[in-house]
K.L.:
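Below is one structure. I have some questions about it.
It should be emphasised that the depicted structure is a prediction, and the values quoted were computed from it without experimental measurement. Chain A is the first sequence line, chain B the second, and so forth, proteins listed ahead of strands; every chain is numbered from 1.
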2 protein chains.
Amino acid sequence: MSGTASHTPVTISFIAESAGVSVPTVSKVINGRAGVAADTRSRVEALISEYGYRKPVVTRNNTMELVFDQLEHQWGLEIIRGVQRVAREQGIGVILTEFGPQSSTIRYWIDDTLARRPACLVSVAQLSDGERDQLRARGIPFVVFDPTGELPDDVPFVGATNWSGGRSATRHLIELGHRRIAMIGGPDAILCCRARLDGYRSAIEAAGLPIDPSLIVPTELTRDHGQAAALDLLRRPDRPTAVFCCNDLQALGVYQAARSLGLRIPADLSVVGFDDLPITSLADPPLTTVHQPLFDMAQAATELALTLGRGEKARQPRLELATTLTVRNSTAPPASRRR
Amino acid sequence: MSGTASHTPVTISFIAESAGVSVPTVSKVINGRAGVAADTRSRVEALISEYGYRKPVVTRNNTMELVFDQLEHQWGLEIIRGVQRVAREQGIGVILTEFGPQSSTIRYWIDDTLARRPACLVSVAQLSDGERDQLRARGIPFVVFDPTGELPDDVPFVGATNWSGGRSATRHLIELGHRRIAMIGGPDAILCCRARLDGYRSAIEAAGLPIDPSLIVPTELTRDHGQAAALDLLRRPDRPTAVFCCNDLQALGVYQAARSLGLRIPADLSVVGFDDLPITSLADPPLTTVHQPLFDMAQAATELALTLGRGEKARQPRLELATTLTVRNSTAPPASRRR
DNA sequence: CTGAAAGCGCTTACAG
DNA sequence: CTGAAAGCGCTTACAG
C-alpha cells in the first residue's frame, strides 16, 4: 500500500483527515513546532511516512542547470568545478544533466529542465535552435560553453582563444629553430579546429616560412588517429622535426608513433598539444601544450548566466578567454640546430 | 534601481498594484494565458522584468544532492555519471556540491543543502556525526559512497570489495610464478587501504608463501610516493619481481622508478595497480589493475538513496560491489621462469 | 494541547 | 479584456 505512488500529491489536509486532527496540528508536526502531544505527534508522523508526504519546496530559482552532451573524462570535471564554485558563492544549487546517447527510456532532458524553472542554464552542449527557442519562451537565460559551431549573434557564449593558442604554439616551435613543422588538425566542421589551424598558418607566414600543404593532416581528435597521421608524416624521407596537434589525445598518439619508429621526443621530434588535459603532465616526457582555462571559462560562463538570470544586462555576453602555452619537456631545438 | 536586491521577495500582488491591474491579470501574463490586452501585457511584462519577479517553484523533492569532499579528476566523473543516469530515469535533478578546501567566503554547504529539501543525498565525503544528525533531523536520507573510515551500523553505504580485490591481484601474480611480491600500501587510517593490504597478505598465505614484512611499504597514495617506495624496493639486491600497489597513481610511480633503473615492465618487473583509472589503459605498457565499478556503485548508491527518500525500506542498505581484475600488459611471468 | 480564524501567494472559473 | 469571488495548500497568531 505505502509503496504505491499516487498521482495526486498527498496534502497536509489529507494527512490531517487521516489522523483525525486539524490541519494546523499537522503543520506543527511537519515544521517541528512545539505544542503537540507526543502521541498525536507520533500518530501524525506515522501517517506522513506511510503516505510519503513531503513538504513542498517553494523556491525562487535558487538553482541553475549545467548541461553536458557527453561528460568527457578529461575536461568535464574542470568545468563542473568552475560552475560549482561561482554558483555556491551565490547560494545557487547546480543541477547537472548529461543527455548522452539518447535513449527513449530516458525522458527528454529539456522537459525536466524547463519544469525545474532554473534561474539560468550553462550548456556545454551545442543547443539546437528548437531548444534555444524553448528556453527563451520560458524566460530561462542560457550561455553556451565553448561552442563548437557557428552561433547566432544573440546567443551569449564563453570560449577560448583558439586561434591565438594555435599561433603561439607554432611560434614556440619556430623560435626553437624548427622549419618543417607539421600540423595534425581536427575535423573541419568543428570551429575551434579551424581556428587552431589558422593560428598555425598565421605563425608560419608571420615567420616568413612557406606553408607546405602536405604537412597539414586533418583527422579525428583521438589518440589512434593522431598515431596514424603521425606514422604517415614521420615515415617520409623529409619528415618534419616538429608536430603541432589539434588536441592532446592526438599528441599522445604521436608519442606512440614516434616510439614505434625509434624516434626520441624531444631529441628527434618536438610535439605540442592543445587543451592541457591532466594526463599530459604525467606523459613521458611531459607534454608541451596549449592550456585552455576551463576552470576560469566555467566561472565566467556561470557569472554571465547568473547575471542574465537576475534580469540584468551583461556588459560582455560573448567572450573568449586567453589560452596560454605551457612549456614542458616535449619540445626542444631540432637536432640539426643543436650540434 | 532595478538592480537592487530587495529582501522581501517581489509578489504578484505587488506587480499588480504597480501596474494598476488586478492580481489575476498579472497571473495570466506570467502563465502565458490568453485574455490580456497587448498593451496591458507589455506594461506588466515591463514591471516584471524591472522588479525581477520570478514565479516561485513549488516542487516536491524532485532533486537529490550529490556531495563531494574534493572532486578528483580521475574518478569524480564516473560517479557523477552513475548518479545522473539513475536520477534522470526517475525525473530527479542532481544538485552537485564540492565543498573542497573550506573557505569562510563560501557558505557552509549543509545549510544550502538542507534549505533545498532534497529527496535524498549521496555523499562521496565522509560526513561528520554532526552533519549526519542534521540530515536525520530534517528527514533527509543519505548514503555514503565508498566510505574511507568506520561508520556506525545504521549508516547506509555502498563500497567496493577491497579485500577481495587485493587478494585477486596478488593471486594473479602468484599464478604467473612470482614469489617475491612487494606491496606498496596506503595510509593505515584509510579503511580501504587496510583491506587491500589484508587481501594481499591473505593471498600470499593461501599460496603457502612466507610474508616478508620488508616487502610491505606503506606510503601516501600519490605517484611521487609510489616512485620513492619503488626505488627503495628495486635497489635491493634481492629485489621483488612484482609489485602490487594500493592505487594506480602509485603504480605509475613504479613505472617511473623502473624506467630510471633500466628495468623493463613486465619483462623485469610486473606491476599491478588498483582503481582502473582511465589513464591506466593509456600508460606504457597498459596497466594491469583492479577495477572498481564506480559507475555501478554510483548507480546502486543512488537507487538506494532514492528508495530511502521515498520512505521505503531498503532490502540491503549496506553493500559492497565486486571488484574485478583487469589484466593488461604490465604483468608477466618472472624472468627466472621464462627461460 | 488543540483547532477555528485569518492570512499568504497564487490560480481558476466565470460574470460583466 | 478585466477582475470579484472562490478556492488551493499552507502558516501564523491566538482563544479555549
K.L.:
Which residues satisfy the side chain to side chain donor-acceptor pair (under 3.5 Å) test with E65(B), sequence neighbours excluded?
P.N.:
T113(B), R116(B)
K.L.:
If only side-chain N and O atoms of Y53(B) are considered, is one of them under 4.0 Å from the OP1 or OP2 phosphate oxygen of dC10(C)?
P.N.:
yes
K.L.:
The criterion is side chain to side chain donor-acceptor pair (under 3.5 Å); which residues satisfy it with D153(B), sequence neighbours excluded?
P.N.:
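So D153(B) forms no side chain to side chain donor-acceptor pair (under 3.5 Å) with any residue.
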K.L.:
I need the residues from residues 19-26 of chain A with at least one non-hydrogen atom less than 4.0 Å from DNA chain C; give them sorted by number, or say none.
P.N.:
V21(A), S22(A), P24(A), T25(A)
K.L.:
What residues form a salt bridge (charged side-chain N to carboxylate O under 4.0 Å, His left out) with D133(B), not counting sequence neighbours?
P.N.:
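Result, salt bridge (charged side-chain N to carboxylate O under 4.0 Å, His left out) vs D133(B): R136(B).
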K.L.:
For F14(A), give me all partners under ring pair (Phe, Tyr, Trp, His ring centres under 6.0 Å), at least two apart in sequence or on another chain.
P.N.:
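Only Y51(A) meet the ring pair (Phe, Tyr, Trp, His ring centres under 6.0 Å) criterion with F14(A).
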K.L.:
Only stems of 3 or more consecutive Watson-Crick or G-U pairs count here, both distances under 3.5 Å; name the ones for DNA chain D, or none.
P.N.:
C:1-3 with D:14-16, C:5-12 with D:5-12, C:14-16 with D:1-3
K.L.:
Which of residues 39-46 of chain B have a heavy atom under 4.0 Å from DNA chain D?
P.N.:
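T40(B) - these, ordered by number, are the residues of the stretch whose heavy atoms sit under 4.0 Å from the strand.
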K.L.:
List for me each residue that meets salt bridge (charged side-chain N to carboxylate O under 4.0 Å, His left out) alongside R117(B), sequence neighbours excluded, and say none if there are none.
P.N.:
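Salt bridge (charged side-chain N to carboxylate O under 4.0 Å, His left out) check on R117(B) returns nothing, list empty.
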K.L.:
List every contact pair, protein side and nucleotides 6-8 of chain C side both N or O, where the distance is under 3.5 Å.
P.N.:
none

K.L.:
I need the full list of ring-ring contact (aromatic ring centres under 6.0 Å, His included) pairs touching residues 15-40 of chain A, with sequence neighbours left out, sorted by first then second residue.
P.N.:
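Pairs touching residues 15-40 of chain A that pass the test: none.
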K.L.:
According to side chain to side chain donor-acceptor pair (under 3.5 Å), who are the partners of D146(A), at least two apart in sequence or on a separate chain?
P.N.:
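D146(A): no side chain to side chain donor-acceptor pair (under 3.5 Å) contacts found.
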K.L.:
Tell me, please, which residues at least two apart from D39(B) pass salt bridge (charged side-chain N to carboxylate O under 4.0 Å, His left out).
P.N.:
none
K.L.:
When the C1' atoms of dG3(D) and dG7(D) are considered, how many whole Å apart are they?
P.N.:
16 Å
